[in-house]
Every structure is written in structure tokens, then in C-alpha cells.
Visitor: 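Next up is a structure, given as C-alpha cells.
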Amino acid sequence: MRAYRMLAPGVARLVEVPVPDPGPGQVRLDVLAAGLCHSDLHVVDGGAAAAWRLPFTLGHEVCGTVAELGAGVTTCAVGDQVVVHAPWGCDACLRCAAGMSNYCDRRASLPAAGIGLGTDGGMAEALVVDATRLVPAPGIDAATAAVLTDAALTSFHALSGVRDLLGTDTTVVVIGVGGLGHVAVQLVHGLAAGTRVIAVDTRDEALELARRLGVDAVARPGPDTHGAVTRITGGRGADVVLDFVGADATIELGASVLRPAGELVLVGSGGGRLVVTKPGALPAGARVRLPFWGSRPELLQVIELTRNGLLQVETTTMPLADAATAFDLLRDARVVGRLVLAR
Ligand code: NAD
Ligand code: ZN
Ligand code: ZN
């Protein structure tokens with residue numbers, strides 16, 4: 001079968017590999033869809049894979065159909081449409097037992113960060129995974145279902161920590177309206193009614209998508225953002241900033257528009273720095289959080305929200321054969337919403 005694999009530092013390619021067999025407790029999925037995340041670029045181009053053993057197949061946002069059951073698997077049946085809860089865990093600590101492998105106590109010493117992040121993922125015709133990682137997703141468009149497992153799950157988890165700060169007469173600034181950010185905008189609207197949203201991006205087409213999603217204002221990073229925050233909040237500042245870029249410039253921008261006792265949520269892995277002790281860098285009482293991915297129970301909630309029509313993921317699909325082109329499009333910032341490799 002074909003698989004888009006990380007072969008060496010900086011080198012990913014579509015190659016031919018044997019179809020994997022499921023071991024005890026595992027299943028083989030026929031992959032229907034695998035999303036491209038900006039984190040995949042950090043892995044391929046940015047050295048995020050340095051600690052992992054190569055080669056492995058990329059793709060951590062996966063939807064598939066159960067094709068073969070390994071010994072002892074009774075929790076799903078051949079033909080089921082499922083998605084994969086992909087954050088890697090030790091499967092032994094209390095966090096893992098609660099479905100929170102994203103915060104596994106042994107995370108720092110694990111050989112991979114997730115399915116498709118240090119171990120074989122879904123940018124292939126088939127994937128073998130532990131049955132315990134599967135979550136049913138029947139009847140949802142496969143490309144959308146794939147994206148729910150990271151872009152939507154991560155945004156949902158990022159927001160879940162700031163629900164106490166949101167609601168009528170509050171304001172969220174979303175920096176980076178890409179795969180994650182465009183979902184976050186919808187989740188704010190759906191879960192925190194009355195909250196105003198200001199979308200910030202460097203690209204017209206991303207701001208256009210934000211406008212279509214009904215945000216209260218769009219802005220470019222810099223003075224334009226300061227102006228929008230002043231206007232929309234009456235000078236108070238934003239209650240929450242969701243930074244889906246995480247570069248020096250966006251972290252500084254986010255911190256500078258935050259209201260006292262607001263929260264700066266750093267989701268993006270742009271490698272930026274925040275000096276929390278510099279006078280004036282953050283307002284009094286500010287909270288800073290570094291959410292990572294999301295739990296299995298949260299994934300179930302995201303799937304339910306999608307079934308209820310609260311979330312419409314903007315997807316563009318391309319065949320697995322065009323994986324290299326798809327990566328180039330993401331690299332060149334020419335993707336609106338999420339790009340998905342799909343059958
Ligand atoms: P994406 O490429 O789809 O979207 C990024 C968006 O940010 C684009 O619209 C781009 O135009 C915009 N942007 C880039 N630089 C900007 C700047 N300086 N100011 C304003 N906007 C800017 O990326 P994505 O897949 O949504 O991922 C976003 C980030 O989140 C990545 O760094 C990714 O690695 C990270 N991520 C983190 C987690 C986590 O668990 N913490 C999970 C998934 C992804
Ligand atoms: Zn991701
Ligand atoms: Zn664990």
C-alpha cells in the first residue's frame with residue numbers, strides 16, 4: 001500500500017509499504033481521510049521529529065472504516081466508521097486511564113507524541129491501531145470527522161479552560177484563523193453565546209473565512225488589532241486571547257491586548273517566547289495556559305456538537321497520491337480551513 005512517510009530529517013515521501021496486520025487488541029482501518037495539521041510541518045521541516053525513531057507514516061487526524069479485527073477485539077465491528085484518539089500515552093497512569101493521554105504523566109519519556117507523530121499514522125491506505133483508541137463517528141462526512149480529532153478537539157480543549165471568563169459582554173481574540181482557528185471561532189459562538197470575537201490573521205482569505213463565520217471584527221496583527229480591541233471592548237482589553245500561531249510577535253501582541261485577569265491561551269507551536277516577569281508584559285492577574293490536544297471524553301463531546309450542527313469544518317480534499325503537493329500548499333500558506341487527504 002502507499003503511505004506518506006517521514007523517512008529522514010526534513011524528508012517525507014509517498015512510498016510503498018506492506019499492508020499491516022492487526023495484533024491482539026488491534027484493528028486495521030481502511031483510511032478514509034487524514035487531515036494535514038501545521039504540526040506536520042513542524043515535524044517535516046522544523047525538526048520536531050528529532051527525538052522520534054524514523055521512518056513512520058504521518059497523519060494524526062484520522063477517520064477510517066474498520067477492515068479487520070485482531071484477536072480479542074469486541075468493541076467494534078468490521079464496517080464501522082471510526083476516528084482515532086491519537087495522543088500517545090503510557091496507558092498505565094491515572095491520566096491515561098481517564099482518557100487524558102494528552103496529559104500522560106510519562107509524556108516526556110514516551111517514544112512518540114501520537115499516532116502519526118513518531119509512530120505510524122493515517123496518511124496511508126490502511127492503519128493498524130489499538131481498538132481502545134477508536135471512537136465511533138458514523139454518518140459524519142469522513143474529512144470532517146478526521147479534522148474533529150485534532151483541529152476541533154484541540155480548540156475545544158483550549159476553550160474549555162476559559163469558559164468561566166466568557167459570555168455576554170466579553171471578548172475573545174483569535175490569532176491565526178487556519179485549521180484550528182476557524183473551528184475555535186465557531187466553538188466560541190456555539191458554547192459561549194454573547195462573546196464577541198475578533199479574528200486576527202496575516203492573510204485576506206483567512207480573514208474572509210472569519211467574516212463568513214460571523215466574527216465581530218477582523219484585523220491584521222499590529223496596530224490594526226489594537227484598534228479593533230479598543231473599539232470592540234471600549235478600551236478594557238480582551239478577556240481571552242487564543243494564539244494559534246505562538247510566534248514571538250503573536251505572543252507579544254496577545255499579551256498586549258489582554259484585559260486584567262484575562263487569559264492568554266498559547267496553542268500554536270511557533271516557538272515564541274513570553275517573559276512573564278517583565279514589567280508590563282502581562283496585565284495584573286493574567287493567566288497563561290499551554291493546552292495540548294484533548295481527551296477522549298472531549299472528543300466524544302466534539303463529535304456530538306458536530307452532529308448537532310454546531311460545527312462546520314471548512315475542508316478541501318486531495319487524494320493521497322497528491323500528499324507532497326498538499327504539504328507544499330500548507331507550507332506556502334495557501335490553505336483555507338483544513339486540507340485533508342481523502343479517498
Ligand atoms: P494553519 O497553518 O492551518 O493556520 C495558521 C494560521 O495562522 C494561518 O491562517 C496563517 O495565515 C496564520 N498566521 C501565521 N502567522 C501569523 C501571524 N504572525 N499573525 C497572525 N496570523 C498568522 O495551522 P493549524 O493547523 O491551525 O495549527 C496552528 C498552530 O497550532 C500550529 O503551530 C500547530 O503546530 C499548533 N497546534 C498545536 C496543538 C496543541 O495541542 N497545542 C494542536 C494542533 C496544532
Ligand atoms: Zn495537529
Ligand atoms: Zn499515561
Side-chain angles (χ1 to χ4, degrees), residues 1-5 14 27-41 43 56-67 76 79-88 102 113-117 119-131 133-157 178-184 186-187 293-296 298-307 310-323 325-327 329-330 335-343:
M1 67 169 189
R2 291 166 306 164
Y4 193 70
R5 282 168 76 77
L14 196 64
V27 304
R28 193 181 73 242
L29 301 180
D30 282 340
V31 176
L32 297 173
L36 263 79
C37 177
H38 205 102
S39 300
D40 291 315
L41 289 187
V43 170
F56 65 88
T57 301
L58 289 155
H60 56 273
E61 285 186 344
V62 191
C63 173
T65 309
V66 175
C76 58
D80 288 355
Q81 182 173 308
V82 294
V83 293
V84 179
H85 181 240
W88 202 249
N102 54 319
I115 304 287
L117 294 167
T119 183
D120 283 346
M123 291 183 187
E125 289 168 75
L127 166 68
V128 162
V129 283
D130 291 347
R133 294 187 173 280
L134 301 183
V135 176
I140 302 177
D141 161 69
T144 294
V147 177
L148 297 184
T149 64
D150 176 21
L153 174 58
T154 301
S155 298
F156 180 82
H157 175 61
L180 274 65
H182 92 284
V183 174
Q186 298 177 53
L187 290 172
W293 221 326
S295 70
R296 182 186 171 90
E298 286 172 320
L299 179 54
L300 293 168
Q301 291 178 65
V302 168
I303 290 171
E304 196 54 33
L305 292 174
T306 307
R307 285 195 183 297
L310 192 139
L311 205 57
Q312 251 121 44
V313 184
E314 181 92 1
T315 57
T316 306
T317 59
M318 292 176 72
L320 177 62
D322 294 342
T325 307
F327 269 79
L329 289 174
L330 188 60
V335 178
V336 176
R338 200 56 139 187
L339 198 53
V340 181
L341 300 175
R343 282 184 184 230

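As the structure is a computational prediction, the values presented were derived from the model and not from experiment. Numbering starts at 1 and runs along the sequence shown. As a basis for the values below, the full set of heavy atoms in this structure was taken, side chains included, without hydrogen atoms, waters or symmetry mates.
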Visitor: Quick check for you: to the nearest 0.5 Å, what is the distance between Leu320 atom CG and Arg2 atom CZ?
Guide: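 Taking CG in Leu320 and CZ in Arg2, the distance rounds to 5.0 Å.
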Visitor: To check you understand the geometry: which heavy-atom pair defines the closest contact between Ala146 and Gly35, and what is its length?
Guide: CB-N, 4.3 Å
Visitor: Could you check if a side-chain atom of Val43 sits within less than 4.5 angstrom of a side-chain atom of Leu58, using non-hydrogen atoms only?
Guide: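 Side-chain contact under 4.5 Å: yes.
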Visitor: To the closest 0.5 Å, what do you measure between CD (Glu298) and CG (Leu153)?
Guide: 6.0 Å
Visitor: CZ/Arg338 to SG/Cys37 distance, rounded to the nearest 0.5 angstrom?
Guide: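 Reported to 0.5 Å precision, the distance equals 4.5 Å.
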Visitor: Keeping the roles fixed (side chain from His85, backbone from Arg296), state whether a donor-acceptor pair exists under 3.5 Å.
Guide: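 Such a contact is found between His85 side chain and Arg296 backbone.
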Visitor: Met318 versus Leu329: any side-chain heavy-atom pair under 4.5 Å?
Guide: yes
Visitor: Do Gln81 and Cys63 have side chains that get closer than 4.5 Å, going by heavy atoms?
Guide: yes
Visitor: Which residue is it: Leu36, Val31, Val62, Leu14? I am looking for the one with a side-chain contact (heavy atoms from CB on, under 4.5 Å) to Met123.
Guide: Leu36
Visitor: State whether a side-chain donor-acceptor pair under 3.5 Å links Thr144 with Asp141.
Guide: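 Yes - a donor-acceptor pair under 3.5 Å links their side chains.
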Visitor: Do Thr65 and Asp80 have side chains that get closer than 4.5 Å, going by heavy atoms?
Guide: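 No; the side chains remain at least 4.5 Å from each other.
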Visitor: CH2 of Trp88 to CG of Leu117: how many Å apart, nearest 0.5 Å?
Guide: 11.0 Å
Visitor: Could you check whether any side-chain heavy atom of Leu187 comes within less than 4.5 Å of a side-chain heavy atom of Phe156, counting everything from C-beta outward?
Guide: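 Contact flag for Leu187/Phe156 side chains = yes.
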Visitor: Walk me through it: do Leu41 and Phe327 pass the test side-chain contact (heavy atoms from CB on, under 4.5 Å)?
Guide: CA-CA 8 Å; Leu41 289 187; Phe327 269 79; 3.9 Å; yes
Visitor: To the nearest 0.5 angstrom, please state how far the CG atom of Asp322 sits from the OH atom of Tyr4.
Guide: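 Output value for this atom pair is 11.0 Å.
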Visitor: Determine, stepwise, if the pair Val128 / Leu29 fulfils side-chain contact (heavy atoms from CB on, under 4.5 Å).
Guide: CA-CA 6 Å; Val128 162; Leu29 301 180; over 6 Å; no
Visitor: Determine, step by step, whether Arg343 and Asp30 satisfy the side-chain contact (heavy atoms from CB on, under 4.5 Å) criterion, reporting the C-alpha distance in whole Å, the side-chain angles of both residues, the deciding distance to 0.1 Å, and the verdict.
Guide: CA-CA 10 Å; Arg343 282 184 184 230; Asp30 282 340; 4.2 Å; yes
Visitor: Has Thr154 got a side-chain atom pairing as donor or acceptor with Asp150's backbone, closer than 3.5 angstrom?
Guide: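 The answer is yes, because a donor-acceptor pair under 3.5 Å joins these two groups.
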Visitor: Can you find a pair of side-chain heavy atoms, one from Ser295 and one from Gln301, that are under 4.5 Å apart?
Guide: no
Visitor: Between Glu61 (side chain only) and Thr149 (backbone N and O only), is there a donor and an acceptor less than 3.5 Å apart?
Guide: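 No, Glu61 side chain to Thr149 backbone: no donor-acceptor pair under 3.5 Å.
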Visitor: What distance separates Glu125 CD from Thr57 OG1, expressed to the nearest 0.5 Å?
Guide: 11.0 Å
Visitor: Indicate the atoms forming the closest heavy-atom contact of Ile115 with Asp120, along with that distance.
Guide: CG2-O, 3.3 Å
Visitor: Taking Arg133 for its side chain and Pro87 for its backbone only, find out whether a donor-acceptor pair lies under 3.5 Å.
Guide: yes
Visitor: As a test of understanding, state which of Leu310, Leu311, Val313, Leu305 forms a side-chain contact (heavy atoms from CB on, under 4.5 Å) with Gln186.
Guide: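 It is Leu311, the one option of Leu310, Leu311, Val313, Leu305 that forms the side-chain contact (heavy atoms from CB on, under 4.5 Å) with Gln186.
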Visitor: Is the backbone of Glu314 close enough, under 3.5 Å, to the side chain of His182 for a donor and an acceptor to pair up by distance?
Guide: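 Yes.
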Visitor: Check whether any side-chain heavy atom of Val129 sits under 4.5 Å from a side-chain heavy atom of Val27, and report yes or no.
Guide: yes
Visitor: Start with the C-alpha distance between Val336 and Thr316, add both sets of side-chain angles, then the distance that settles side-chain contact (heavy atoms from CB on, under 4.5 Å), and finish with yes or no.
Guide: CA-CA 8 Å; Val336 176; Thr316 306; over 6 Å; no
Visitor: Quick one: are Ile303 and Ile140 in side-chain contact, heavy atoms under 4.5 Å?
Guide: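 Side chain of Ile303 against side chain of Ile140, heavy atoms only: contact under 4.5 Å found.
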